Each structure stands twice: as structure tokens, then as C-alpha cells.
Amino acid sequence: MDLQSLCKVILVSALISLVCHPCSVTAGDIVHDDDSAPKKPGCENDFVLVKVQTWVNGIEDAEFVGVGARFGTAIVSKEKNANQRRLVLSDPRDCCSHPKNKLDNDVIMVDRGHCKFTTKANNAQAANASALLIINNQKELYKMVCDPDETDLDIHIPTVMLPQDAGVSLEKMLTMSVQLYSPKRPLVDIAEVFLWLMAVGTILCASYWSAWSAREAVIEHDKLLKDPLDEIPDTRHVGSGGLLNINTTSAVLFVVFASCFLIMLYKLMAYWFVELLVVLFCIGGVEGLQTCLVALLSRWFKRIAESYVKIPLFGAVSYLTLAVSPFCIAFAVVWAVYRNVSFAWIGQDILGIALIITVLQIVHVPNLKVGTVLLSCAFLYDIFWVFVSKKLFHESVMIVVARGDKSGQDGIPMLLKIPRMFDPWGGYSIIGFGDILLPGLLVAFSLRYDWLANKSLRAGYFVWAMIAYGLGLLVTYVALNLMDGHGQPALLYIVPFTLGTFLTLGRKRGDLRILWTSGEPERPCPHIRLEHQTIEELNDEK
């Protein structure tokens with residue numbers, strides 16, 4: 001197997017198993033009402049994340065994040081309205097009885113356990129505490145709720161739970177004051193605008209490259225058929241070298257393979273497995289970046305792009321590829337080593353975009369029938385693993401995998417992300433490769449059809465498909481913000497817009513049969529025209 005075939009296998013494997021992840025926000029999600037913790041009078045707060053800012057000897061120090069309780073006073077949202085209070089360690093530590101400390105509107109810190117949360121809050125309130133910090137006995141946060149039979153819920157101080165490691169850090173500090181507030185997210189963050197432009201721009205570039213390659217292949221095909229001295233070739237495979245056309249069977253099997261891979265990610269999500277995915281992502285990213293750079297640079301360095309050298313195991317490789325490969329490999333290695341630094345998202349996005357563009361260049365949807373089956377299956381896949389999986393696994397499998405909640409890291413690398421710039425909670429806006437790749441296959445098909453049918457932009461399908469994709473992604477972000485950052489399956493909104501627009505226009509214009517079956521406009525065969533021309537010339541000579 002030569003280098004090109006090997007790379008194709010890698011990229012197609014990436015398409016099948018690694019592309020589908022939801023559009024989501026990865027950090028600072030505010031948890032609101034849920035069925036397992038119903039509200040009742042005196043216990044009806046929303047679950048919100050709370051910032052706990054500390055000062056040691058008057059100097060601002062570390063900041064910790066906790067979660068507010070269902071009961072107690074609501075926590076102020078603006079930092080300027082929050083008051084600094086002295087932090088006191090409870091005696092007894094669990095605060096299950098009246099504290100022995102003398103409190104003067106201080107914030108009291110207690111350990112979780114031995115009694116109800118509301119009992120601790122009532123004892124702290126009776127001791128004149130201004131707020132209650134409960135230190136969890138685990139690293140995770142826990143939702144503090146009220147028991148169904150509780151009646152003593154006249155609690156007027158805010159109660160916040162902090163993770164175990166935050167409690168350890170706070171105990172090591174001596175003279176300290178704290179400030180509690182729960183800032184709200186902006187309605188729209190500019191990161192989502194840039195992510196939208198990134199996704200739309202990626203499909204736009206990939207579609208034009210795919211359509212240009214298809215048109216070049218058709219022109220070369222026609223030249224071969226017009227030459228009367230050459231034997232007429234088999235037209236079924238001309239111009240298809242290096243391409244992979246999806247059929248309906250592979251479109252259906254995609255959902256099966258992708259689901260199996262997602263469950264494997266969910267069950268095996270650990271540090272070593274994420275490292276393995278990083279390696280696979282780097283391999284695909286190197287091939288994608290190399291392919292894009294070679295295609296771009298070959299315009300200026302045509303001679304070395306068309307000069308080849310044979311390399312054992314890899315076959316014929318162009319000199320331009322050999323020149324570009326070291327840079328691509330070094331770029332991926334540097335990103336992998338420094339992927340946890342604050343600006344590493346730039347390298348991840350470059351590798352990801354290059355991989356997506358290359359896959360869209362190699363993998364083609366041959367007709368609207370296959371595109372409909374593929375996007376319909378992906379539509380159901382996205383909805384099931386984001387929403388329905390909560391019923392089976394008690395959490396959204398897709399969201400857990402995308403965030404990397406069980407890996408101890410920032411999640412898997414098979415997504416594009418941009419840091420939320422004006423969000424007080426930070427984090428990233430992300431979009432999975434599948435939310436670009438799968439609709440991109442249909443959009444790229446629309447432009448190939450338009451060019452082969454010699455349709456103008458207005459009379460064609462590409463512009464409308466791009467507008468539909470952009471609107472679908474825009475609606476996704478609107479839903480994301482309305483749901484306070486809860487991860488949304490982007491294909492739930494993108495597929496109806498994109499596929500619905502294509503089907504409606506095709507039916508209205510009378511092209512649906514051709515789009516659905518052949519996917520190519522009917523063109524007269526050049527060799528038939530040539531035969532007619534030759535017969536006429538012979539008749540004239542006679």
C-alpha cells in the first residue's frame with residue numbers, strides 16, 4: 001500500500017469514528033432545575049456556580065468555584081455588590097450542633113457529613129454567620145437539596161459547596177477573608193461568532209476545492225475521449241482516483257460504527273486513552289495539513305510538485321511533499337507537547353480545519369439519495385447520544401465524551417474550539433468535526449453539481465445550501481444560549497435546514513430525479529459527437 005492509499009484509510013477512518021460531537025460549552029456550565037431535585041417553598045433556588053474569591057492579609061489570593069444550594073438566600077451576581085467577610089473554621093467541624101465560635105457576620109466553613117445540609121445551615125445562621133461554605137468529601141461538586149419531609153427551611157444565608165481540594169487549600173491559609181458572587185454569562189460571546197465563521201469558511205473552502213477538482217477531472221476525461229488516436233477508456237473510473245464515494249449501506253453503517261466508538265470512548269475515557277486519541281489526531285492532522293499545503297504551494301512550485309521520487313513502503317512521493325512534511329510533523333508534535341497551554345487551541349483548530357478540508361476533498365456524496373440517508377442517520381445519532389442516552393446512562397454520553405469529564409483532561413481533540421472571551425466563567429465554545437463534515441459533504445456535492453451543470457450561483461444549489469447551513473448553525477447557538485450553556489446536538493438544527501432546503505429546491509426546479517439518482521447532469525458523450533463528425537467528413541470527401 002503506497003502513501004496516498006494509507007493516508008486515505010486514515011482519513012476515512014477518522015470520518016467514520018471520530019467526527020460526531022456536539023456543539024457545546026465546555027467549562028462554567030450553570031446547572032439549573034432538574035427532575036431529581038424538585039423545588040418547594042424555601043428550597044427553590046436554581047443551581048448556580050459560585051465564585052469564592054479569597055484575600056490573605058489583605059492581599060487578593062486564590063479563587064475557587066463552588067455550587068449554590070437549593071435553599072438559602074440567592075447569591076449576588078455582581079462582584080461589586082459582594083461583601084468581604086472573615087472566614088472561620090467551624091467548631092465542631094461538621095456544624096451538626098451549635099458552633100462554639102463567636103461569629104460576627106463571618107463566613108463559616110464546615111465539613112460535609114453526619115447531618116443534613118439544612119441542619120448545618122440553620123446552626124450557622126443561629127450562630128450569626130453571614131454565609132456557609134460546605135467542603136465536600138470528594139473532588140466533585142454535589143447538588144445540595146432538601147429532603148421531601150423537611151419543614152425547617154427558613155434559611156436566610158447563602159450556602160455553597162466547594163470541592164475537597166479547595167477545602168484543603170483554604171485550611172492552609174491563615175488570616176483570610178472571602179467574597180461570594182455568582183456572575184451571569186453574557187447572552188452572546190464573540191467566540192461563537194468566530195466559531196460560526198470558522199465552520200462556514202471551512203465548508204466554503206472545501207466545497208470550492210472539491211468542485212474544482214471534479215471539473216478538472218471531467219475536462220481531462222473529455223480530452224481523452226476526443227482524441228481519435230487513443231482507445232476510448234472505461235468511463236466508469238476515469239477521474240475517480242484517490243476519491244471515495246459513499247453509498248447508502250456505508251451511510252447506515254456509519255451510525256453503527258460511530259455509536260460503538262462513542263461507547264468505547266465513554267467507557268475507556270482515561271488519561272492513556274486520550275493520549276492515544278491525541279496521537280491519532282496528530283496523524284490525521286499532519287496528513288490534512290500536508291495535503292492542503294501541497295495543493296496550495298503547487299501553484300507556485302509546479303515543477304517540484306510534478307517531480308517524484310520512489311521511497312520504499314511509500315511509493316512515489318513528490319519533492320514538494322517531502323519538503324512540506326517535516327514542517328507539518330513538527331507543527332503537530334509541538335501542538336501535542338504544549339496542548340495544555342492557553343493558546344494551544346490555535347494549533348488544534350489549524351490541524352482540525354486542514355483535516356476536515358482534506359476529508360471533504362477525498363470523500364464524496366455521489367447523489368442526494370446517499371446524502372439524505374447519511375444526514376438522516378446522523379440526525380438521529382446526534383439526538384440519541386445527547387438527549388436519549390441520559391435515560392440509559394444517567395448522563396449525556398456525548399457531552400461527557402466531548403468534555404472529557406472522566407479523563408481528567410480538557411476533552412478529546414476532535415473538535416474546533418475558541419475561548420469564550422467575555423464570559424466570567426471562561427471555558428470554550430466548541431463544535432465537533434461531524435457538525436461541519438457531514439453537512440459539508442452535501443454542500444460540496446451541491447457545488448460540484450452546479451459547476452458540472454453550468455448553473456449560475458442564483459440558479460444553482462450551492463448558495464442556498466451554504467445559507468441553510470449558516471442559519472442552522474446560528475439557530476444552534478441561539479438554542480445553546482437559551483439553554484444556559486447546556487450542550488446542544490448541532491445536527492438537530494443543521495440537518496433540517498440544509499437537507500430540507502436542498503430537497504425543496506430540487507422538487508420545485510424539477511431536478512430532484514437527477515439529483516436523487518445520478519447526482520450529475522446529463523452530458524452528451526464526446527466520442528459519440530466525434531463519430532458523427534467523422535462520418536460527415538467522409539461523406540463530404542466522397
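This structure is a prediction, so every number in the text was calculated from the model and none was measured.
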Looking only at atom types and distance, does a side-chain atom of [X] sit under 3.5 Å from a main-chain N or O of [Y], one as donor and one as acceptor?
X    : Y    : result
D450 : F462 : yes
S318 : E306 : no
S389 : V397 : yes
T54  : A62  : yes
S396 : V386 : yes
S250 : N247 : yes
S298 : A295 : yes
Q348 : P413 : yes
S210 : S207 : no
W516 : N367 : no

For this session: Show your reasoning for whether side-chain contact (heavy atoms from CB on, under 4.5 Å) applies to Y449 and K455.
Result: CA-CA 8 Å; Y449 179 85; K455 289 182 177 290; 3.7 Å; yes
Could you report the tightest heavy-atom contact between [X] and [Y], atom names first, then the distance?
X    : Y    : answer
R448 : A211 : CG-CA, 3.7 Å
K417 : W345 : O-CE3, 3.4 Å
F502 : S446 : CE1-CB, 3.4 Å
V255 : A378 : CG2-N, 4.3 Å
A468 : T498 : CB-CA, 3.8 Å
S342 : Y428 : O-OH, 4.0 Å

Going by heavy atoms in the side chains, are [X] and [Y] under 4.5 Å from each other?
X    : Y    : answer
P424 : K51  : yes
L491 : P439 : yes
C282 : V333 : no
L441 : V370 : no
Q164 : Q138 : no
V317 : Y308 : no
L375 : L438 : yes
F379 : L492 : yes

Exercise. So L515 and F445, side-chain contact (heavy atoms from CB on, under 4.5 Å) or not? Walk me through it.
Worked result: CA-CA 10 Å; L515 290 168; F445 162 73; 4.1 Å; yes
For this session: For R458 and V463, run side-chain contact (heavy atoms from CB on, under 4.5 Å): C-alpha distance rounded to whole Å, both residues' side-chain angles, the deciding distance at 0.1 Å, then the answer.
Result: CA-CA 7 Å; R458 184 177 180 181; V463 170; over 6 Å; no
Rounded to the nearest 0.5 Å, what separation is found between the [atom1] atom of [X] and the [atom2] atom of [Y]?
X    : Y    : atom1 : atom2 : answer
C328 : I350 : SG    : CD1   : 11.0 Å
N245 : I362 : CG    : CD1   : 12.5 Å
F384 : L392 : CZ    : CG    : 5.0 Å
F433 : L415 : CZ    : CG    : 6.5 Å
L473 : L195 : CG    : CG    : 7.0 Å
I353 : I436 : CD1   : CD1   : 7.0 Å

For this session: Find out whether the Lys NZ or Arg CZ of R509 is both under 6.0 angstrom from the six-membered ring centre of Y461 and within 45° of the ring's axis.
Result: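 Yes, R509 lies over the aromatic ring of Y461.
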For this session: Verify whether the ring centers belonging to Y208 and W451 lie closer than 6.0 Å.
Result: yes
Problem set entry | Ring centre gap for W385 and Y266 strictly below 6.0 Å |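 Here the rings of Y266 and W385 have centres that are no less than 6.0 Å from each other.
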For this session: Say whether Q361 and T291, considering side chains only, have a donor N or O and an acceptor N or O under 3.5 Å apart.
Result: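 No, because no side-chain N or O of Q361 sits under 3.5 Å from a partner of the opposite role on T291.
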So with a 6.0 Å cut-off around [atom1] of [X], is the heavy-atom count from everything else above 12?
X    : atom1 : value
K369 : NZ    : no
F393 : CZ    : yes
F301 : CZ    : no

Problem set entry | Stepwise side-chain contact (heavy atoms from CB on, under 4.5 Å) test for Y469 and L442 | CA-CA 10 Å; Y469 175 78; L442 188 65; over 6 Å; no
